[in-house]
Amino acid sequence: MLLAAAILIAAPNPDIVPLKEKPSRAFSVVLPSETWQAVGSTFAIPHSGGEGFAVRPAGEGLEIDTDGDGAFDRVVEGVLDEDTGVRSGYTVLVGERASGTRLRYGLRLRNEGKGWQWSVGGSVTGRIGDLKVAVIDMDGDGVYGEVGQDALVLGSSENAAYLSETLVVGETVHSLTVARDGSQLTLGAYDGPLGVLEVTAGLEADARLLKAIVRSVDGKHSFDLARLGEEPRLPIGRYRLHGALLGLGDARVEVLEGRMRPIEVTASADTTLTWGGPTKAEFEFERAGGEVAFDPNRVWWYGAAGEEYRGWAPIGKSPEFTIKERKLGTELKKALFPGSC
């Protein structure tokens, strides 16, 4: 018994990082699975005074009980974007949580012509050493710390990964838990087996990797590998590419999983994802008599690992598309992107 007590006393305590709720009117975090919900009669964010904050239509806008005391105290009319026809606004719900912590919950509001919708417009933030960390209530239920349902940003990035059971800081993998009221996060020692997943060395592209969000098949782990440097060590398992982003100057290309198979990360050998070029294009065309109609907007691009590229317009000389008769191999037409030579 004395030995057990001595071991218990000697064991290191996990690190506790205080978090503070931070609404943001200029919320610009790119969430891995953004949720917009229809505005009903209540914003269902629990607080010490009830299960939500009342809201009702007011002309073209909304009237809101922002402090949950039962009285409407603010009207949000929003700002109309003449180009898109979308009316957008913002508000902050304030009060106290049942746990006794302060509540300041930011809401983004929009009306695209079919009624008002809302999504989260803030986060809880803190610092792990000199590194900023932000947790976002991505599913909008007012509860933080839900693995796979909420999101997390580490450092100065604006690209969030799913909230995970683990967090990589530098070369260390920590276990991670976040309090339901968002008041703190706890880092502990992660003692599971680790492996290396390298995504930059095997990328064939004349562009910079801005983000590479992966998520384990079991939903327990998620990371932005573009932020973790070379040869990042992760919990072993099977991962999927949730989404990546390439940048060349001001141009951005979105990368989706497409036809990629899950990526196996093992403790026995490093894993390098071979992706990017050479790319393959699949496209649609319509044939009417001797004429072939080719639509450059109906082209799908796939990379070496089966990943799909969207928003890509080749810079400079266009690729040449040759349309042939399937059985005979007879060339029907060559096509280029408009404006190319």
Side-chain angles (χ1 to χ4, degrees), residues 14-24 26-34 106 120-139 143-190 192 194-200 208-216 218-237 239-247 252 255 263 265 273:
D15 290 330
I16 296 177
V17 177
L19 300 174
K20 182 178 180 181
E21 207 151 26
K22 183 180 179 181
S24 175
F27 185 85
S28 58
V29 175
V30 179
L31 298 171
S33 183
E34 188 170 59
V120 62
S123 60
V124 288
T125 65
R127 288 193 172 274
I128 302 173
D130 294 330
L131 196 62
K132 179 183 175 182
V133 60
V135 180
I136 300 100
D137 175 31
M138 185 167 63
D139 60 356
V143 177
Y144 295 93
E146 297 171 311
V147 170
Q149 298 179 56
D150 293 332
L152 180 142
V153 179
L154 192 62
S156 59
S157 174
E158 291 190 343
N159 298 302
Y162 286 96
L163 184 66
S164 172
E165 290 185 357
T166 49
L167 183 66
V168 178
V169 181
E171 297 181 356
T172 304
V173 181
H174 301 271
S175 67
L176 171 67
T177 56
V178 178
R180 290 173 60 83
D181 64 0
S183 61
Q184 64 182 34
L185 65 79
T186 303
L187 297 177
Y190 181 78
L194 302 174
V196 171
L197 175 54
E198 172 60 65
V199 296
T200 54
R208 189 162 62 95
L209 184 62
L210 302 178
K211 80 171 181 180
I213 306 295
V214 296
R215 187 185 190 191
S216 62
D218 62 12
K220 294 181 178 180
H221 310 286
S222 181
F223 310 96
D224 183 356
L225 298 184
R227 307 286 300 180
L228 298 186
E230 297 180 358
E231 300 183 351
R233 294 172 62 79
L234 314 175
I236 65 170
Y239 287 82
R240 291 186 179 276
L241 178 69
H242 178 76
L245 190 69
L246 300 177
R252 297 291 183 267
V255 188
I263 309 162
V265 178
L273 177 62

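For the atom pair OG (S123) and CD (E21), the distance works out to 8.5 Å, reported to the nearest 0.5 Å. Note that NE2 of H174 is 12.5 Å distant from OG1 of T186, once rounded to the nearest 0.5 Å. For the atom pair CG of L31 and CG of L152, the computed distance is 11.5 Å after rounding to the nearest 0.5 Å. Rounded to the nearest 0.5 angstrom, I16 CD1 and L187 CG are separated by 10.0 Å. The CG atom of L234 sits 9.5 Å away from atom OG of S164, with the distance rounded to the nearest 0.5 Å. The structure places CD1 of I263 at 11.5 Å from OG of S216, a figure rounded to the nearest 0.5 Å.
Classification of the Y239-H221 ring pair by plane angle, with boundaries at 30° and 60°, yields tilted.
A pairwise comparison of heavy atoms in V265 and P235 identifies CG1-O, 4.4 Å as the closest pair. Nearest heavy-atom pair, L19 versus Q184, reported as atom, atom and distance to 0.1 Å: CD1-C, 3.7 Å. Closest approach of R233 to V196, counting heavy atoms only: CG-CG2, 3.9 Å. Residues A212 and D224 approach most closely at N-OD1, 2.9 Å, considering heavy atoms.
Counting heavy atoms from C-beta outward, L241 and V255 have side chains that approach closer than 4.5 Å. Using a 4.5 Å heavy-atom threshold, the side chains of L209 and L246 count as touching. Within the 4.5 Å cutoff, the side chain of E198 has heavy atoms near those of the E230 side chain. The closest side-chain heavy-atom distance from D181 to V143 is not below 4.5 Å. When side chains are defined from C-beta on, T172 does not count as touching Y190, because their heavy atoms never get closer than 4.5 Å. Side-chain contact between R252 and L245 is present, with heavy atoms from C-beta onward closer than 4.5 Å. A heavy-atom distance below 4.5 Å is not found between the side chains of V168 and P232. Between E34 and V120, every side-chain heavy-atom pair lies at or beyond the 4.5 Å cut-off.
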Got a list of side-chain donor-acceptor pairs under 3.5 Å for residues 126-138, not counting sequence neighbours?
| from | atom 1 | to | atom 2 | distance (Å) |
| --- | --- | --- | --- | --- |
| R127 | NH1 | D130 | O | 2.9 |
| D137 | OD2 | Y105 | OH | 2.6 |
| D137 | OD2 | D141 | N | 3.2 |
| D137 | OD2 | G142 | N | 2.7 |

Per-pair distances, 0.1 Å, donor-acceptor, side chain in residues 155-163, under 3.5 Å, sequence neighbours excluded:
| from | atom 1 | to | atom 2 | distance (Å) |
| --- | --- | --- | --- | --- |
| S156 | OG | R227 | NH2 | 3.3 |
| S157 | OG | N159 | N | 2.9 |
| E158 | OE1 | S28 | OG | 3.4 |
| E158 | OE2 | S28 | OG | 2.9 |

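Judged purely by distance below 3.5 Å, without hydrogens or angles, the side chains of Y144 and Q149 never pair a donor atom with an acceptor atom.
Looking at T166, its side chain never comes within 3.5 Å of a backbone N or O of S175 through a donor-acceptor pair.
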Evaluation steps, side-chain contact (heavy atoms from CB on, under 4.5 Å), between R240 and R215:
CA-CA 5 Å; R240 291 186 179 276; R215 187 185 190 191; 5.7 Å; no
